[in-house]
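The next block holds one structure in the form of structure tokens; read it before the comments.
All values below come from the heavy atoms of this structure, side chains included, with hydrogens, waters and symmetry mates left out. We name chains A, B, ... by the order of the sequence lines, and we start the count at 1 in each one.
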There are 2 protein chains.
Amino acid sequence: MNTREKIIDSSLKNFLIFGYENTSLLKVAEEVGIKKASIYYHFRNKEEIFHESIRYLISTIKNTIEDSVGGKSNAKTIIHSLMNSIIEFNFHLSHMAGIEKSHFLSASRLMEYGLREFPDLKKDVDNYYDYIKNTLMDAIHSGQKNKEIKKEFNAEMLAFEIISKIEGFCLLSSSYSKFNINIVRQSMYDNLWKLIGDENSGKRGFFKYKAKSIPISTRW
Amino acid sequence: MNTREKIIDSSLKNFLIFGYENTSLLKVAEEVGIKKASIYYHFRNKEEIFHESIRYLISTIKNTIEDSVGGKSNAKTIIHSLMNSIIEFNFHLSHMAGIEKSHFLSASRLMEYGLREFPDLKKDVDNYYDYIKNTLMDAIHSGQKNKEIKKEFNAEMLAFEIISKIEGFCLLSSSYSKFNINIVRQSMYDNLWKLIGDENSGKRGFFKYKAKSIPISTRW
DNA sequence: GTCTATACTAGGATAGAC
DNA sequence: GTCTATCCTAGTATAGAC
């Protein structure tokens, strides 16, 4: 990892944990092992570092999803893997960031913050959600062809609903101490298939959530 | 409104729009019409103002929900009103705060931020979610007695899922520009009832979302 | 209860040597 | 590419008069 990458790496960690304003470049410099002023050789200002960090975060999640979804053909498996990998990614962010559980860190919360402060990020964030939406819609369409999923559902609406569901679960995990994501996860999947699964399909059985770690890029 | 209330009022508005760090007490003082130093006669420090603001925000939402749900007996109506009033509350926050649409403001996003910065808020936030969860669970239980809702569902899991759904929709509205909450809202309600509604119930029809403004406390 | 004046600090950013 | 030194500003907070 070169210095530039180290700066991004440490900054993203700090942004996720402390937020943009509470992340000091002095601390980042110390973590990287250089002096504060040296950061300005690599980046114009703090905002540029933030932009790069967000882009790096997005590409990391995308890779995680791709690794998890790639090669799978069955619609249920794809949708399940996608949901699982996003939740798992967020769930493990705190460990990846090197802090012990504490607060449930959330990638989309940081994106949302960035978006408000720096509207330029809109393109990147939209692009991220487009990717998820399209992956879901493809799976839904093929699932409707295979009779895994009822035809009555509009694929785009369903995709929106699934994304909202994931985001909501992650947000609630951060905010509501009585909400344990691992307890509701199975019922979340069950209810989704109960709703959209096609009864005419031969193998209608629900997925069982397997509590195995999914592969996450381990650069942290 | 006395000075203390004015300070809370203006602070909350600013916290919602700009976040904690980007809210300056100078600006708050100007909005209130006093000098910055005078704030410290009413509050020990910025943190205390934030605490009070969050508590005021929570009580405002609770009142909004209570106004909307109160007096209704039918489970579907109650659940529908609750979801609707939370979404509507968030949806209208920006107008209430006096800024023109811009970013979709979200009450729970501010709570989540506060929680991370000031763990003392945990009690208040948990209390808020407890209130929503209990309201939902009561409705679900009575709905299961009346055969409006299938008995197979665990009320607590269902409540969690509904809350997640709402939060997710609000977050996505803030972050994903292609996501229009008013377009997906009807399908969100439809899908919920398709899932949990009891077919044995006589009047099984779905709710139609009525795009009327719900009453929101108009102190702002 | 509100004001003026002022202390104090953190943190982003720049200049210029090596 | 990294360092030392320095600038600058914003923003919280306090002291004490009225």
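- In this structure B:Lys72 satisfies the side chain to side chain contact (heavy atoms under 4.5 Å, CB included) test together with B:Ser68, B:Thr77, B:Ile78, B:Ser81, sequence neighbours excluded.
- What separates OH of B:Tyr41 from P of C:dT2 is a distance of 8 Å, to the nearest Å.
- Side-chain contact between B:Glu31 and B:Asn14: present, with at least one pair of heavy atoms (C-beta onward) separated by less than 4.5 Å.
- To the nearest 0.5 Å, the span separating NZ on B:Lys123 from CG on B:Leu115 amounts to 14.0 Å.
- Distance, A:His42 NE2 to D:dC3 C1': 12 Å, rounded to whole Å.
- Taking B:His141 as the reference, nothing meets the ring pair (Phe, Tyr, Trp, His ring centres under 6.0 Å) condition, with sequence neighbours excluded.
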Enumerate all atom pairs, one protein N or O and one N or O from nucleotides 11-13 of chain C, separated by less than 3.5 Å.
from: C:dG12; atom 1: OP1; to: A:Thr23; atom 2: O; distance (Å): 3.1
from: C:dG12; atom 1: OP1; to: A:Lys46; atom 2: NZ; distance (Å): 2.8
from: C:dG12; atom 1: OP2; to: A:Leu25; atom 2: N; distance (Å): 2.9
from: C:dG12; atom 1: N7; to: A:Lys36; atom 2: NZ; distance (Å): 2.9
from: C:dA13; atom 1: OP2; to: A:Tyr40; atom 2: OH; distance (Å): 3.0
from: C:dA13; atom 1: OP2; to: A:Lys46; atom 2: N; distance (Å): 2.9

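- Residues that satisfy the side-chain hydrogen bond (donor to acceptor under 3.5 Å, both in side chains) test with A:Lys36, not counting sequence neighbours, are absent from this structure.
- Counting heavy atoms from C-beta outward, A:Met111 and A:Leu121 have side chains that stay 4.5 Å or more apart.
- Separating the CD1 atom of B:Ile7 from the P atom of C:dG1 is a distance of 11 Å, rounded to the nearest angstrom.
- Residue pairs meeting the ring-ring contact (aromatic ring centres under 6.0 Å, His included) criterion with at least one partner in residues 6-30 of chain A, sequence neighbours excluded, are A:Phe15-A:Tyr20, A:Phe15-A:Phe50, A:Tyr20-A:Phe50, A:Tyr20-A:Phe118.
- For the pair B:Ser38 and C:dG1, the criterion of a side-chain N or O lying under 4.0 Å from OP1 or OP2 is not met.
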Which atoms of nucleotides 16-18 of chain C (N or O only) lie under 3.5 Å from a protein N or O atom, and what are those distances?
none

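- Looking at A:Ser38, its side chain never comes within 3.5 Å of a backbone N or O of A:Ile34 through a donor-acceptor pair.
- In this structure, A:Thr3 reaches the D:dT2 phosphate: one of its side-chain N or O atoms is under 4.0 Å from OP1 or OP2.
- Comparing C:dC3, C:dT2, D:dT2 by their closest approach to the side chain of B:Lys35 singles out C:dC3.
- We find that CD of B:Glu48 is positioned 15 Å from P of D:dT12, with the value rounded to whole Å.
- Rounded to an integer number of Å, the gap from B:Phe43 CZ to D:dT12 P is 14 Å.
- Applying the salt bridge (charged side-chain N to carboxylate O under 4.0 Å, His left out) test between A:Glu52 and each of A:Arg4, A:Lys46, A:Arg44 identifies A:Arg4 as the sole match.
- Residue B:Lys27 contributes atom NZ, which lies 17 Å from atom C1' of D:dT12 at whole-angstrom precision.
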